[in-house]
Amino acid sequence: MAILEVQHVSKSFGNKEVLKDISFSLEKGQVLSLIGSSGSGKTTLLRCLNFLERPDGGVIRVNGETLFDAGDAVTGQESEIRKKRLHFGLVFQSFNLFPQYTALQNVMLAKELLEKEKPDYKWRKKEIHAQIEAEAKELLDQMGLSDRMDNYPHQLSGGQCQRVAIARALALKPDILCFDEPTSALDPELTGEVLKVIKSLADQETTMIIVTHEMAFARDVSSQVIFMDDGHIMEQGTPEEVFINPKKERTKQFLSRYTEG
Amino acid sequence: MEFSEQLPIVVQALNQGFLQTLKLFFVTLLGAIPLGLIISFGSMSRFRPLSYLTKIVVWIIRGTPLMIQLLIIYFMPGLMGNNIWGGGESGRFLAASVAFVFNYACYFSEIYRGGIQGVPKGQEEAGLVLGMTKSQIFFKITLLQMIKRIVPPMSNEIITLVKDTSLARIIALQEVIWAGQSFMKGNQGIAGVIWPLFFTAVYYLIFNGILTVLLGRLEKKLEYFR
């Protein structure tokens, strides 16, 4: 069974339709790359999955559970959405780390707040805190940041910030980790270190959806590629199908700009 | 009377007046800091009638002199046949406090609004996707970033407030200016001297010096993040 099913999702801002009848599914452990020019709706799609935007139509299912159904108002209730968001993690283009917290605190904060809501938190406070801290340290270690844990975001390079942001998203163990152009705010030298981390996550079979303009990377890391154009899914398939043998003229045109460059 | 004889009498009277100045200053801060936050939430409300109403109130309060507001708040109830303030210094202090708290809350609310809206939207979104509630996001993420942003403009307002307390002289609140002036008309055998009035400036200057240092330290303390 697919871990994620998206069916007929649509979304408009005012009278501009940014997502038109988007359907796809994703298997556990797979990596999906969303490519396409700016304004094609890739980011909006990710934001819909993370409930930062509410789709106007369509259904979103995770592990068979209907998280959102535009035809069923109950699924759009604010109180429910908070829990549902936790199925997804989101890594932003601009990192959005919390500046007043250290790298380690950034990774720990959300988990700690969630644990605090549980009834047994009071009795096992120290134990829980120690466990969260140990997990956070391990994640940062995995990101190659073991010597940067006590630094504040402004003391870190862009690449380091983005790796902290990845650790922060992973700390909540989401079913699906989404990346919104994770390297677009980085200079080319720092791009590599972030892509390497994402690649290693793919090797560990982390289910991911990646919006990216790094075509070589998308080709290398993905099990599935979706090319979006003007709110539509123009082409969808394995990296070979989309990158090497694109069927649509529009896809060829888009890809040629990258191969020429 | 010799100057050396006048000095202790004047200083004692001015000290007493300045105590009233300080009282008004701290009461205003204590009241206006939280009230300003409520007003700023009102003006940012998505419920249009509330945000319009708040904006109109803020416009009126910021658009008219505090001195006029003091006069209206102090004298209006009496003119309408119900002097809620009662007589005497305590009544004047209460009326002055109400006028100052309300006036400063309106200024603070605009500073807060700028501070809150100045925190990038991405901070809230990052909190949301991490499963935080709106209130967790406000208290754990936005608030401190907002405080950092508002410390410099708030410092300005606070220093202005110290000097603005002198406006309460208009309803005869016995603050330091009133005390200084009393020696022109005649007080404790001293009359027709103007230097005590000039000397009140030293009180403001020293107190604002202390505040400047303290607020500067707070600003420095928040420099650990950007």
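Here is how names work: the chains are called A, B, and so on, in the same order as the sequence lines, proteins then strands, and each is numbered from 1.
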Which donor-acceptor pairs fall under 3.5 Å between chain A and chain B:
| unit_1 | atom_1 | unit_2 | atom_2 | d |
| --- | --- | --- | --- | --- |
| A:Arg47 | NH1 | B:Glu125 | OE1 | 2.9 |
| A:Arg47 | NH1 | B:Glu125 | OE2 | 3.2 |
| A:Arg47 | NH2 | B:Glu125 | OE2 | 2.7 |
| A:Arg82 | NE | B:Gly131 | O | 2.7 |
| A:Arg82 | NH2 | B:Gly131 | O | 3.1 |
| A:Asn96 | ND2 | B:Gly122 | O | 3.2 |
| A:Leu97 | O | B:Gln123 | NE2 | 2.8 |
| A:Gln100 | O | B:Tyr224 | OH | 3.2 |
| A:Gln100 | OE1 | B:Gln145 | NE2 | 3.2 |
| A:Gln100 | NE2 | B:Lys140 | O | 3.3 |
| A:Gln100 | NE2 | B:Ile141 | O | 2.8 |
| A:Tyr101 | OH | B:Lys140 | O | 2.7 |
| A:Glu117 | OE2 | B:Gln136 | NE2 | 3.1 |

Checklist entry - Step by step, would you call A:Leu32 with A:Ile226 a side chain to side chain contact (heavy atoms under 4.5 Å, CB included)? => result CA-CA 7 Å; A:Leu32 165 66; A:Ile226 286 177; 3.7 Å; yes
State, to 0.1 Å, how close [X] and [Y] come at their nearest heavy-atom pair, and which atoms those are.
X: A:Pro153; Y: A:Leu97; result: CG-CB, 3.9 Å
X: B:Ala95; Y: B:Ile171; result: CB-CD1, 4.5 Å
X: A:Leu104; Y: A:Ala136; result: CD1-CB, 3.7 Å

Next on the checklist: What part of A:Leu113 gets within 4.5 angstrom of chain B, counting heavy atoms only: side chain, backbone, both, or neither?
Outcome noted: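 For A:Leu113, heavy atoms of backbone and side chain both lie under 4.5 Å from chain B.
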Checklist entry - Which atoms of A:Phe98 come close to chain B, meaning under 4.5 Å heavy atom to heavy atom: side chain ones, backbone ones, both, or neither? => result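 When you check distances to chain B, atoms from both the backbone and side chain of A:Phe98 fall under 4.5 Å.
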Item to check | chain A interface, residue from B:Leu222, B:Leu144, B:Leu128 that has the most non-hydrogen pairs under 4.5 Å | outcome: B:Leu128
Next on the checklist: Using side chain to side chain donor-acceptor pair (under 3.5 Å), reason through A:Asp141 and A:Ser146 one step at a time and then give a plain yes or no.
Outcome noted: CA-CA 5 Å; A:Asp141 198 30; A:Ser146 35; 3.1 Å; yes
Item to check | Contacts of B:Phe139 that satisfy ring pair (Phe, Tyr, Trp, His ring centres under 6.0 Å) - sequence neighbours left out | outcome: none
Item to check | Set of residues satisfying ring pair (Phe, Tyr, Trp, His ring centres under 6.0 Å) with respect to B:Phe25, sequence neighbours excluded | outcome: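 Once residues adjacent in sequence are excluded, the partners of B:Phe25 under the ring pair (Phe, Tyr, Trp, His ring centres under 6.0 Å) criterion are B:Phe207.
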Checklist entry - Partners of A:Glu138 by side chain to side chain donor-acceptor pair (under 3.5 Å), sequence neighbours excluded? => result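 Here no residue qualifies.
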Checklist entry - Based on non-hydrogen pairs under 4.5 Å, which of A:Leu52, A:Leu90, A:Ile81, A:Leu114 is most in contact with chain B? => result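 With the most close heavy-atom pairs to chain B, the winner is A:Leu52.
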